[in-house]
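Reminder, nothing fancy here: chain letters follow the sequence lines and each chain counts from 1. Worth saying up front: this structure is predicted, and the values here are computed from it rather than measured. The basis for the numbers below is simple: all heavy atoms, side chains too, and nothing from hydrogens, waters or symmetry mates.
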Number of protein chains: 2
Amino acid sequence: MRKPGGHEVSMTGAIMARTPVWASIAATLEQEIARGLYAAGDKLPTEAALAARFGVNRHTVRRALSDLGERGLTHSRRGAGVFVRAAPTDYPLGRRVRFHSNIRASGRLPEKRVLRIETRPADTTEAEALDLAPAAPVIVYEGLSLAGGDPIAHFTSVFPAERLPGIDATLQETSSVTEALRRHGIADYTRAFTRLTAEAATATQALHLALPEGAPLLRSVGRNVDPDGVPVEHGVTHFAGDRVALTVASDDDPPTSSG
Amino acid sequence: MRKPGGHEVSMTGAIMARTPVWASIAATLEQEIARGLYAAGDKLPTEAALAARFGVNRHTVRRALSDLGERGLTHSRRGAGVFVRAAPTDYPLGRRVRFHSNIRASGRLPEKRVLRIETRPADTTEAEALDLAPAAPVIVYEGLSLAGGDPIAHFTSVFPAERLPGIDATLQETSSVTEALRRHGIADYTRAFTRLTAEAATATQALHLALPEGAPLLRSVGRNVDPDGVPVEHGVTHFAGDRVALTVASDDDPPTSSG
DNA sequence: GCCTATGATTTGTCTAGTTGTATAGGATTC
DNA sequence: GAATCCTATACAACTAGACAAATCATAGGC
């Protein structure tokens with residue numbers, strides 16, 4: 001599984017007669033991952049341990065691990081270790097996931113991890129977004145969407161606390177915005193708008209999504225309203241740009257002449 | 001002597017913390033204090049809660065809180081918690097987005113500048129996208145979309161040349177995909193799909209869009225088909241992430257059992 | 001009602017281990 | 001000579017776990 005004359009060799013055209021040690025180590029580790037010796041999410045031995053095992057310097061091991069990381073097989077967390085990634089190459093998310101349901105649920109993907117659920121006064125933008133009085137209480141729901149153990153998106157949703165008392169407990173239980181709204185009597189909500197932008201990942205976002213800082217993120221801002229047009233949820237989701245492709249379903253779509 | 005910190009950012013599995021994580025956390029908390037989420041005298045969430053929220057170790061949160069404490073924003077009492085001392089008044093929240101467009105109008109933004117119009121044999125992906133025989137001739141239309149003189153997006157569209165002979169001249173004249181297709185007898189086309197991703201700008205894209213290399217771009221791939229479902233246009237558009245927000249209209253969208 | 005004992009919670013401190021980065025130098029190959 | 005590969009050292013950033021010290025919540029006794 002080694003590619004000495006790969007496509008992305010930009011240095012020189014020289015062909016290495018002998019395979020470097022680091023490539024050999026990378027190939028060994030890749031085989032062991034492929035063989036199931038290390039499952040997805042598992043932590044590899046420490047760099048020091050691997051260096052001892054292969055009888056090389058730690059930096060040589062790091063060169064091998066860097067290769068695996070570039071190819072998406074592993075990712076590392078400083079201080080924690082190197083971990084096997086679930087999706088080796090392209091995650092076929094774009095094929096299956098519908099844009100509308102995806103956006104509306106703000107990450108209603110297989111698994112979710114709750115990072116924070118709290119009630120606090122709204123800031124000015126939140127109050128405006130939910131059409132509330134200044135500093136009115138809002139319930140904040142922050143979390144991660146995962147697919148196969150890999151983080152796909154990071155989202156933050158705010159709800160009007162007075163309109164939806166106790167939805168924090170429901171969110172904690174179901175971790176689903178759709179389900180929580182349904183249980184609180186708002187089964188028939190619609191999405192007022194969705195706004196999409198691209199952003200560079202901050203250090204914190206990079207950490208959550210296991211990406212390098214500055215990596216491109218797909219930012220989605222959306223608002224859900226009840227049948228009377230009153231906002232019941234306002235959320236921001238950041239998708240990992242290289243792991244997700246949102247697809248817009250092509251309902252009936254008369255090409256309007258909107259600027 | 002070597003220069004530290006080159007321009008090359010290896011956007012790969014490794015998490016490059018150009019900014020320390022604790023600094024990013026401190027900035028987030030400072031902003032939340034400034035926005036009035038935590039008033040003077042309020043107790044911040046516990047270190048453990050913040051660690052869970054940011055996905056880091058408690059010590060990293062402590063490093064951030066230590067920074068806030070040193071700067072006089074907070075003070076802590078052992079056993080009790082961390083409390084807000086005062087709220088800084090500066091609240092910088094610039095409006096990033098200066099332009100937004102409906103996503104249906106992906107390739108039809110107001111002002112345009114033609115970069116290239118040419119006819120050549122299709123490559124494999126283009127042939128597949130347009131459902132053509134390999135190396136069948138296609139017309140390629142590359143250009144920039146502008147708003148107020150600023151470049152907003154860079155797009156490349158391909159058309160089947162045999163189906164639409166002479167459309168290159170029409171494109172040159174009108175610089176509008178919609179108008180060109182209409183004049184060539186395809187007034188009633190529909191968008192088969194749209195796929196959205198975030199990407200980092202290459203050097204060329206950065207040049208076109210007047211952005212730094214690596215800046216986040218919103219990549220939109222779409223295909224238009226005639227009433228019989230035959231592809232008549234396939235395009236890729238890269239939007240400048242910080243200058244554009246795509247909006248998804250909320251047409252008829254029953255939130256029931258879709259996904 | 002008031003006081004206290006108890007236990008859980010929360011911050012403070014310590015030690016140890018792991019990855020990320022920078023610098024420097026020797027060895028090999030072209 | 002230049003580029004690549006590997007070694008070596010040192011430090012920074014972050015994780016992990018454990019324990020102490022202060023505080024808070026609660027129940028029980030008077």
J.: Could you tell me how far apart B:Lys43 (NZ) and D:dT23 (P) are, to the nearest whole angstrom?
T.: 14 Å
J.: Pair A:Tyr38, A:Phe83 - check ring pair (Phe, Tyr, Trp, His ring centres under 6.0 Å), show working.
T.: CA-CA 9 Å; A:Tyr38 303 109; A:Phe83 301 87; over 10 Å; no
J.: Return the value, rounded to whole Å, for the distance between atom NE2 of B:His75 and atom P of D:dT23.
T.: 13 Å
J.: Could you tell me whether A:Arg113 atom CZ has more than 12 heavy atoms of other residues or ligands within 6.0 Å of it?
T.: no
J.: Restricting both atoms to N or O, compile the protein contacts to nucleotides 16-18 of chain D shorter than 3.5 Å, with distance only.
T.:
| from | atom 1 | to | atom 2 | distance (Å) |
| --- | --- | --- | --- | --- |
| D:dG17 | O6 | B:His59 | NE2 | 2.8 |

J.: According to a strict under-4.0 Å criterion, is B:Thr46 in side-chain N/O contact with OP1 or OP2 of C:dT9?
T.: no
J.: Pairing donors with acceptors under 3.5 angstrom, does anything connect the side chains of B:His59 and B:Glu47?
T.: no
J.: To the nearest Å, how far apart are B:Arg63 CZ and C:dC14 P?
T.: 16 Å
J.: Between B:Ser24 and B:Thr19, is any side-chain donor less than 3.5 angstrom from a side-chain acceptor?
T.: no
J.: What verdict does the side chain to side chain donor-acceptor pair (under 3.5 Å) test give for B:Glu199 and B:His238, after you've listed the backbone C-alpha separation in whole Å, the side-chain angles of each residue and the deciding distance to 0.1 Å?
T.: CA-CA 9 Å; B:Glu199 280 184 357; B:His238 284 94; 3.0 Å; yes
J.: Take atom CG of A:Leu50 and atom P of D:dT7, then tell me their distance rounded to the nearest Å.
T.: 14 Å
J.: Once you round it to whole Å, what is the distance between P of D:dA13 and CZ of B:Phe54?
T.: 19 Å
J.: To the nearest Å, how far apart are A:Glu47 CD and D:dT15 P?
T.: 16 Å
J.: Calculate the interatomic distance between B:Arg78 atom CZ and C:dG12 atom P; express it in whole Å.
T.: 7 Å
J.: Measure from CH2 on B:Trp22 to P on D:dA12 and round the result to the nearest Å.
T.: 14 Å
J.: Below the 4.0 Å mark, does C:dG12 have OP1 or OP2 next to a side-chain nitrogen or oxygen of B:Ser76?
T.: yes
J.: Can you tell me if A:His234 and A:Ser157 form a side-chain donor-acceptor pair at under 3.5 Å?
T.: no
